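Read the structure below first, then the notes.
This is a predicted model, so every value here is computed, not measured.
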Amino acid sequence: MTVASYYHPLLAQLPRYLEQLSTAPLGLSDWHGVASQAVGYRHLQHGLPCQDHGVIHCQGRPLLVLCDGAGSALCAELGARALSEGLRRLLISLEPCLAKWLDEEEQSAELAQLAMLLVRHAKGINADLAAAGRRGGDDFRATLLLAVAGKHSLFWLQVGDGLLALRERGYAESSWRQLGQANKGEFANQTAFIDPQLSMAQVSWGAEPAGRVEAVVAMSDGAAERLYSNAQSRFAPMLDQWVEQKVTVRELYECLSQGELWRRTTGDDKSVALLVGPGVKTV
């Protein structure tokens with residue numbers, strides 16, 4: 001059988017490429033990751049499914065993606081799931097590029113290209129869903145929180161509300177710091193979404209030095225109601241407990257589903273995705 005000539009470079013590199021993907025990059029092994037979501041009582045009252053979806057990946061390069069479907073979108077849960085799963089797959093496939101952009105000294109031009117590539121792909125997922133469902137892209141719109149770790153830099157990206165934060169190793173103690181924009185609520189018509197109208201001007205992204213990062217967390221605005229105080233700019237002690245105890249999926253889900261904890265909230269869906277670095281001491 002004759003193989004077309006343009007396949008030869010790919011076939012020659014395939015074994016080495018697959019070997020690279022099967023192992024975590026040096027210095028990025030032994031990360032702990034967990035993600036879960038729980039439907040809010042307000043959605044249950046209206047017969048709506050959970051419109052949040054978060055995913056993590058720790059078998060190679062550590063990454064997390066969390067999406068919150070717009071409450072007014074008819075197929076928001078489908079959009080949130082497709083976006084989170086699709087972007088996780090894209091980041092796994094981009095490993096050779098991420099090794100250059102995040103493990104070596106930061107180059108802003110490459111990271112800007114990464115941000116544009118991710119947003120373009122996200123909008124493409126939205127467009128494909130709309131075409132397959134014979135609907136408009138607005139019916140599948142969702143927010144996006146994303147982080148991926150490297151030996152030199154931790155890259156993050158945000159579209160819309162929700163909250164991204166990292167726990168940094170300090171001189172005396174560890175502390176949490178918010179990334180990106182402050183929370184913006186859909187109720188105020190300020191939230192951006194992955195939809196046909198999205199522009200790069202509505203996208204927040206950046207990179208942080210990886211050396212001091214102990215953990216990174218993404219949470220939907222429903223979860224942030226209890227896990228972060230806007231008025232006091234303070235994170236709940238529960239986050240540190242999750243990090244230091246390396247919370248399991250079951251424990252995280254049970255916490256997000258605990259009625260008493262979320263009693264005096266808006267009743268929105270709640271989702272959290274958490275990555276914990278290998279240097280964190282467990283209790």
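Taken together through direct or relayed side-chain contacts under 4.5 Å among Ile, Leu, Val, Met, Phe, Trp and Tyr, Ile125 and Leu74 form parts of separate hydrophobic clusters. Hydrophobic cluster membership differs between Val39 and Leu78, with clusters built from Ile, Leu, Val, Met, Phe, Trp and Tyr side chains linked at under 4.5 angstrom. Leu90 and Phe140 end up in the same hydrophobic cluster when Ile, Leu, Val, Met, Phe, Trp and Tyr side chains are linked at under 4.5 Å. Leu144 and Leu111 fall within the same hydrophobic cluster, defined by Ile, Leu, Val, Met, Phe, Trp and Tyr side-chain heavy atoms under 4.5 Å apart, directly or through other members.
Nearest heavy atom pair, residue Pro278 against residue Ser29, reads CG-O, 3.6 Å. Shortest non-hydrogen contact noted between Ile56 and Ala35 is CG2-CB, 4.0 Å. In terms of heavy-atom proximity, Ala38 sits nearest to Ser257 at CB-OG, 3.6 Å. Heavy atoms only, all atoms of each residue included: Ser271 and Gln37 are closest at CB-CB, 3.7 Å. In this structure, Leu66 and Ala273 approach most closely via the heavy-atom pair CD1-N, 3.7 Å. In plain terms, the two heavy atoms of Pro62 and Trp31 that are nearest each other are CG-CG, 3.4 Å.
Side chain of Glu104 to main chain of Trp101: no donor-acceptor pair is present (N/O by atom type, distance under 3.5 Å, no hydrogens or angles). Between the side chain of Arg81 and the main chain of His53, no donor-acceptor pair closer than 3.5 Å is present. In this structure, the side chain of Asn126 engages the main chain of Gly137 through a donor-acceptor pair within 3.5 Å. With Arg141 contributing its side chain and Asp138 its backbone, the two residues share a donor-acceptor pair below 3.5 Å. Lys246 places no side-chain N or O within donor-acceptor distance of the main-chain N or O of His32, the cut-off being under 3.5 Å.
Considering CG of Leu118 and CD of Gln113, their distance stands at 10.5 Å, rounded to 0.5 Å. Atoms NZ and CD, from Lys270 and Glu225 in turn, are 8.5 Å apart once rounded to the nearest 0.5 Å. Atom NZ in Lys100 sits 13.0 Å away from atom CD in Glu105 (nearest 0.5 Å). Rounding to the nearest 0.5 Å gives a distance of 13.0 Å between CG of Leu227 and CZ of Arg234. Cys67 contributes atom SG, which lies 9.5 Å from atom CG of Asp52 (distance to the nearest 0.5 angstrom).
With hydrogens and angles left out, the side-chain atoms of Tyr228 and Gln178 include a donor and acceptor closer than 3.5 Å. No hydrogens or angles considered: nothing links the side chains of Glu208 and Ser153 as a donor-acceptor pair under 3.5 Å. For His43 and Asp269, the side-chain atoms include at least one donor-acceptor pair closer than 3.5 Å. Inspection of the Ser36 and Arg250 side chains reveals no N or O donor paired with an N or O acceptor under 3.5 Å.
By the 4.5 Å heavy-atom criterion applied to side chains, Glu168 and Leu166 are counted as neighbours. No side-chain heavy atom of Asp221 sits under 4.5 Å from any side-chain heavy atom of Thr143. Counting only heavy atoms from C-beta outward, the side chains of Ser229 and Phe235 never approach each other to under 4.5 Å. Between Leu146 and Leu63, the closest side-chain pair of non-hydrogen atoms is not below 4.5 Å. Within the 4.5 Å cutoff, the side chain of Val65 has no heavy atoms near those of the Leu145 side chain. Taking the side chain as every heavy atom from C-beta outward, Leu114 and Leu94 approach each other to under 4.5 Å. Looking at heavy atoms from C-beta onward, Val217 lies out of side-chain contact with Val243 at the 4.5 angstrom threshold. At least one side-chain heavy atom of Leu98 sits under 4.5 Å from a side-chain heavy atom of Arg61.
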Given the rule in the salt bridge (charged side-chain N to carboxylate O under 4.0 Å, His left out) test, do Asp195 and Lys123 qualify, once you have shown the distances and angles that lead to the verdict? CA-CA 6 Å; Asp195 60 18; Lys123 292 191 66 169; 6.0 Å; no
Apply side chain to side chain contact (heavy atoms under 4.5 Å, CB included) to Trp156 and Val216, showing your working. CA-CA 10 Å; Trp156 61 269; Val216 58; over 6 Å; no
After noting the C-alpha distance and the side-chain angles of His46 and Leu48, does the key distance pass the side chain to side chain contact (heavy atoms under 4.5 Å, CB included) rule? CA-CA 6 Å; His46 293 86; Leu48 296 173; 4.2 Å; yes
Under the criterion side chain to side chain donor-acceptor pair (under 3.5 Å), I'd like the reasoning laid out for Ser220 against Asp68: C-alpha separation, chi angles, the key distance, then a yes or no. CA-CA 6 Å; Ser220 65; Asp68 180 357; 4.8 Å; no
Decide yes or no on side chain to side chain contact (heavy atoms under 4.5 Å, CB included) for Gln158 and Leu179, but give the supporting numbers first. CA-CA 9 Å; Gln158 177 173 1; Leu179 301 172; over 6 Å; no
Please test Leu28 against Asp103 for side chain to side chain contact (heavy atoms under 4.5 Å, CB included), starting from the C-alpha separation and ending with a verdict. CA-CA 10 Å; Leu28 293 177; Asp103 294 346; 4.0 Å; yes
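Each of Leu239, Leu256, Leu164 was checked for a side-chain contact (heavy atoms from CB on, under 4.5 Å) with Met219, and the lone residue meeting it is Leu239. The only member of Val203, Val159, Leu87 that meets side-chain contact (heavy atoms from CB on, under 4.5 Å) when paired with Ile194 is Val159.
By the 4.0 Å N-to-carboxylate-O rule, Glu214 lies close enough to Arg169 to be salt-bridged with it. Using a 4.0 Å cut-off between charged side-chain N and carboxylate O, Arg167 and Glu244 make a salt bridge.
The neighbour count for Tyr253 OH, taken as heavy atoms of other residues, nucleotides or ligands under 6.0 Å away, does not exceed 12. Other residues, nucleotides and ligands place no more than 12 heavy atoms under 6.0 Å from the CE atom of Met116.
The side-chain contact (heavy atoms from CB on, under 4.5 Å) search around Arg226 returns Leu261, Trp262, Arg264, Thr265, not counting sequence neighbours.
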